[in-house]
Amino acid sequence: MKNKKVILIFTVLAAVVLINSCKKEPEETPDEPYVLDYGTFPEPQIAGDNPLTREGVKLGRMLFYEKMLSRTNTQSCASCHMQQFAFNDTAKFSLGVKNLPGKRNAMSVFNMAWNTNAFFWDGRAQLLRHQSLKPVQDPLEMDETLENIVAKLQASSTYRQQFRRAFGTSTIDTLLISKALEQFMNSIVSNKSKYDDYLAGRATLTPEEERGRFLFFTEYNPAFPAASGADCQHCHGGANFENDKYMNNGIDDDASVSDIGREKVTGLAGDKAKFKVPSLRNVGLTAPYMHDGRFRTLEEVVDHYNLVQNSATLDPSFQQQLPNGGLQLSAADKAALVAFLHTLTDQQLTTNPAYSSPF
Ligand code: HEC
Ligand code: HEC
């Protein structure tokens with residue numbers, strides 16, 4: 001009697017499981033985690049509610065290269081964020097679908113998983129998922145509505161299928177679009193430059209690159225000129241050569257500031273003319289430089305740092321250099337800094353098929 005009851009319960013349970021699994025079959029396609037290979041980098045900061053999965057990253061990659069995200073179906077994220085330039089643009093101001101220039105220089109997109117303090121030059125987007133929908137709607141960029149991109153993608157059986165594989169539903173919405181883009185951008189890692197090889201003992205720096213490395217990482221010390229450095233690591237430090245902060249690096253004085261940067265987001269006068277400290281990895285590929293693309297070459301950038309402009313929010317590390325006329329770098333030392341910056345170029349980033357167009 002007892003056994004019969006147990007068997008009955010099991011039969012009913014099995015039937016329920018079977019029916020359910022048939023009904024839900026397409027919803028339950030198991031997705032595998034996407035394994036991020038980040039070598040000796042610290043643990044990446046990936047939002048707990050959007051772990052990287054193989055199908056999610058694949059969908060994000062499709063969307064990153066998808067021209068349907070623009071009103072004219074002619075521009076994708078990759079139009080301004082080109083792999084061969086470390087996912088940056090070569091124009092001072094990228095042109096949007098109306099052929100009009102934007103207001104700031106494009107930014108590189110790699111090692112985003114190590115950017116823990118918001119996105120854009122002024123940090124107006126908290127997470128990548130917030131960031132990723134802004135260019136779509138920006139009239140000077142892709143100039144499209146969120147309703148339209150959802151409708152265009154929903155009409156495609158390829159996308160319906162890929163959203164189902166990635167998120168278990170073929171009902172497309174803007175949150176899922178933005179989460180897929182977040183996953184793909186978080187999957188782009190750059191850690192295979194000559195400098196990384198040098199750290200691992202697989203490459204040697206030339207004497208000039210070595211001198212540049214010394215200047216980059218050594219504090220400024222006017223009392224001992226021979227031991228004094230350019231203190232770039234003060235801001236461009238750590239594995240990703242940035243510090244997740246918004247700072248003023250002295251490209252303008254108070255009178256010449258035309259873009260208030262971080263102040264527009266926080267409303268604080270103390271944030272005037274502060275901008276995100278960008279990673280210097282791959283900087284040899286990402287000219288022109290600064291939020292407004294004002295410097296065409298790394299030589300111009302280093303010339304700038306040799307004697308910066310004073311202003312109310314200038315970083316104190318530069319303030320102490322001003323009374324001594326700036327860093328006073330020799331021509332050879334300027335060239336050495338530039339040579340060191342070129343060791344941060346990662347040719348595997350620019351050629352990795354995992355990041356290239358899937359179409
Ligand atoms: C027309 C050129 C253009 C297009 C198209 C474009 N971007 Fe950008 N991107 C920019 C510019 C310019 C900035 C800097 C804007 C600013 O700070 O105000 C930027 C900044 C970013 C950043 C910030 C990086 C950081 O370190 O904070 C990310 C991420 C990004 N874009 C991803 C995307 C994605 C995803 C798409 C497609 C949905 C896209 N972009 C489409 C030009 C473009
Ligand atoms: C006090 C912090 C600070 C120090 C020190 C500093 N930087 Fe910067 N750096 C920044 C900020 C902030 C930006 C972005 C400013 C902007 O776009 O307006 C920047 C931008 C750059 C860029 C342009 C990157 C791009 O993608 O456009 C390069 C190259 C650069 N710095 C190199 C250096 C070098 C070399 C040194 C040492 C001589 C140095 N920095 C010292 C804060 C700093």
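One-based numbering, in listed order, for ligands and for the atoms of each. All values below were derived from every heavy atom in this structure, side-chain atoms included, with hydrogens, water molecules and symmetry-related copies excluded. All residue numbers in this chain count up from 1 along the given sequence.
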Participant: Rounded to the nearest 0.5 Å, what separation is found between the CG atom of Asp253 and the OG atom of Ser311?
Facilitator: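 Result: 7.5 Å between the selected atoms.
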
Participant: Looking only at protein heavy atoms, identify the closest one to atom 28 (C) of ligand 2 and say how far it is in Å.
Facilitator: Leu280 CD2, 3.5 Å

Participant: Number the atoms of ligand 1 from 1 as they appear, then name those within less than 4.0 Å of a heavy atom of Asn105, with their elements.
Facilitator: 12 (C), 14 (C)

Participant: Among all the protein's non-hydrogen atoms, which is closest to atom 24 (C) of ligand 2, and how far away is it?
Facilitator: Pro278 CG, 3.7 Å

Participant: Which of the atoms of ligand 2 are close to Asn249, meaning less than 4.0 Å from one of its heavy atoms?
Facilitator: 9 (N), 10 (C), 11 (C), 13 (C), 15 (C), 19 (C), 20 (C), 42 (C), 43 (C)

Participant: Touching ligand 1 at all, Ser132? Heavy atoms, strictly under 4.0 Å?
Facilitator: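 True for this residue.
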
Participant: Using a strict cut-off of 4.0 Å, indicate which atoms of ligand 1 neighbour a heavy atom of Met185.
Facilitator: 29 (C), 32 (C), 35 (C)

Participant: Check each heavy atom of Val302 against ligand 2 and say whether those closer than 4.0 Å belong to the side chain, the backbone, both or neither.
Facilitator: neither

Participant: Hey, are Tyr305 and Asn249 close enough side-chain-wise for a donor-acceptor pair under 3.5 Å?
Facilitator: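 A pair is found: one side chain offers a donor N or O, the other an acceptor, under 3.5 Å apart.
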
Participant: Would Ser108 count as being in polar contact with ligand 1, using the rule that some N or O on each side must be under 3.5 angstrom apart?
Facilitator: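 Looking only at distances, the answer is no, because the N/O contact criterion of under 3.5 Å is not met.
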
Participant: Could you list the atoms of ligand 2 found under 4.0 angstrom from a heavy atom of Val277?
Facilitator: 12 (C)

Participant: Determine whether any heavy atom of Phe318 lies closer than 4.0 Å to an atom of ligand 2.
Facilitator: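 Flag set, Phe318 near ligand 2.
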
Participant: Considering only heavy atoms of Trp121, which atoms of ligand 1 have at least one such atom less than 4.0 Å away?
Facilitator: 14 (C), 16 (C), 17 (O)

Participant: Apply the side chain to side chain donor-acceptor pair (under 3.5 Å) test between Ser193 and each candidate in Asp196, Asp197, Asn191; give the one that qualifies.
Facilitator: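 Passing option: Asp196.
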
Participant: Just to verify, which of Phe41, Trp114, Tyr195, Phe110 counts as forming a ring-ring contact (aromatic ring centres under 6.0 Å, His included) with Phe241?
Facilitator: Tyr195

Participant: Identify the protein heavy atom lying closest to atom 1 (C) of ligand 2, giving its residue, its atom name and the separation to 0.1 Å.
Facilitator: Cys235 SG, 2.6 Å

Participant: For atom 31 (N) of ligand 2, what is the nearest protein heavy atom, given as residue, atom name and distance?
Facilitator: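 For atom 31 (N) of ligand 2, the nearest protein heavy atom comes out as Tyr305 OH, 2.8 Å.
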
Participant: When you measure from the heavy atoms of Asp138 to every atom of ligand 1, does any distance fall below 4.0 Å?
Facilitator: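 No, Asp138 has no heavy atom closer than 4.0 Å to ligand 1.
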
Participant: Short list, please: which atoms of ligand 2 are under 4.0 Å from a heavy atom of Asp315?
Facilitator: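 Matching atoms, with element in brackets: 1 (C).
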
Participant: Looking only at side chains, do Tyr289 and Glu300 share a donor and an acceptor under 3.5 Å apart?
Facilitator: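 There is no such pair (donor and acceptor under 3.5 Å, judged by atom type) between the side chains of Tyr289 and Glu300.
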
Participant: Quick one: which ligand 2 atoms are inside 4.0 Å of a heavy atom on Lys276?
Facilitator: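 With Lys276 as reference, the close atoms of ligand 2 come out as 14 (C).
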
Participant: Test your reading of the structure: does Val136 have an N or O sitting under 3.5 Å from an N or O of ligand 1?
Facilitator: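 Looking only at distances, the answer is no, because the N/O contact criterion of under 3.5 Å is not met.
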
Participant: Give a yes-or-no answer on whether the side chains of Asp271 and Thr313 include a donor-acceptor pair shorter than 3.5 Å.
Facilitator: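 Per modelled atom types, Asp271 and Thr313 side chains form no pair under 3.5 Å.
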
Participant: Using every non-hydrogen atom in the two residues, find where Val277 and Glu242 come nearest and quote the distance to one decimal.
Facilitator: O-CB, 3.4 Å

Participant: Does the ring of Phe340 carry Arg213 above it, NZ/CZ under 6.0 angstrom from centre and within 45° of its axis?
Facilitator: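 No.
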
Participant: Is Arg294 atom CZ crowded by more than 12 heavy atoms from other residues, nucleotides or ligands, each under 6.0 Å away?
Facilitator: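 Result for CZ/Arg294: enclosed.
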
Participant: Between Tyr65 and Phe359, is the ring-ring contact (aromatic ring centres under 6.0 Å, His included) condition met? List the steps.
Facilitator: CA-CA 8 Å; Tyr65 285 93; Phe359 303 121; 7.4 Å; no

Participant: Could you check whether Asn240 and Ser279, counting side-chain N and O atoms only, form a donor-acceptor pair closer than 3.5 Å?
Facilitator: yes

Participant: Answer yes or no as to whether an N/O/S atom of His81 is found below 2.8 Å from atom 8 (Fe) of ligand 1.
Facilitator: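 It does; at least one qualifying atom falls short of 2.8 Å.
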
Participant: Which of the numbered atoms in ligand 2 are below 4.0 angstrom from a heavy atom of Tyr289?
Facilitator: 23 (C), 25 (C), 27 (O)

Participant: Is it the case that the side chains of Gln137 and Glu144 hold a donor-acceptor pair, with the cut-off being a distance below 3.5 Å and no angle test?
Facilitator: no

Participant: Of all the non-hydrogen atoms in the protein, which one sits nearest to atom 35 (C) of ligand 2, and at what distance?
Facilitator: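 For atom 35 (C) of ligand 2, the nearest protein heavy atom is Cys232 SG, 3.5 Å.
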
Participant: Side chains of Asn306 and Gln328: donor-acceptor distance under 3.5 Å anywhere?
Facilitator: no

Participant: Regarding Gln161 and Arg164, is there a side-chain donor-to-acceptor distance under 3.5 Å anywhere?
Facilitator: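 Looking only at side-chain atoms, Arg164 and Gln161 do not form any donor-acceptor pair under 3.5 Å.
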
Participant: Using a 4.0 Å heavy-atom threshold (strictly under), name the region of Asn88 that reaches ligand 2: side chain, backbone, both or neither.
Facilitator: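 Neither; nothing of Asn88 gets under 4.0 Å from ligand 2.
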
Participant: Considering the heavy atoms of Leu128, write down every atom of ligand 1 situated less than 4.0 Å from one of them.
Facilitator: 29 (C)

Participant: With heavy-atom distances below 4.0 Å as the criterion, list the atoms of ligand 1 near Leu95.
Facilitator: 1 (C)

Participant: For Cys80, take its heavy atoms, then give the atoms of ligand 1 lying under 4.0 Å from any of them.
Facilitator: 1 (C), 2 (C), 3 (C), 4 (C), 5 (C), 42 (C), 43 (C)

Participant: Judging by distance only, is a nitrogen or oxygen of Gln75 under 3.5 angstrom from one on ligand 1?
Facilitator: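 Not met; the criterion fails.
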
Participant: Quick test: of every protein heavy atom, which one is nearest to atom 20 (C) of ligand 2, and how far off is it to 0.1 Å?
Facilitator: Met290 SD, 3.5 Å

Participant: Within the 4.0 Å heavy-atom shell around Asp231, which atoms of ligand 2 are there?
Facilitator: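 Ligand 2 atoms under the 4.0 Å threshold to Asp231: 5 (C).
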
Participant: If you count the atoms of ligand 2 from 1 in the order shown, which ones are under 4.0 Å from a heavy atom of His291?
Facilitator: 16 (C), 17 (O), 18 (O)

Participant: Report, in ascending order of atom number, the atoms of ligand 1 lying under 4.0 Å from any heavy atom of Arg124.
Facilitator: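 This gives 16 (C), 17 (O), 18 (O) as the contact atoms.
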
Participant: For ligand 1, which atoms have a heavy atom of Ser76 less than 4.0 angstrom away?
Facilitator: 5 (C)

Participant: Need the ligand 2 atom indices (1-based, order shown) with element for anything under 4.0 Å from a heavy-atom of Phe275.
Facilitator: 12 (C), 16 (C), 18 (O)

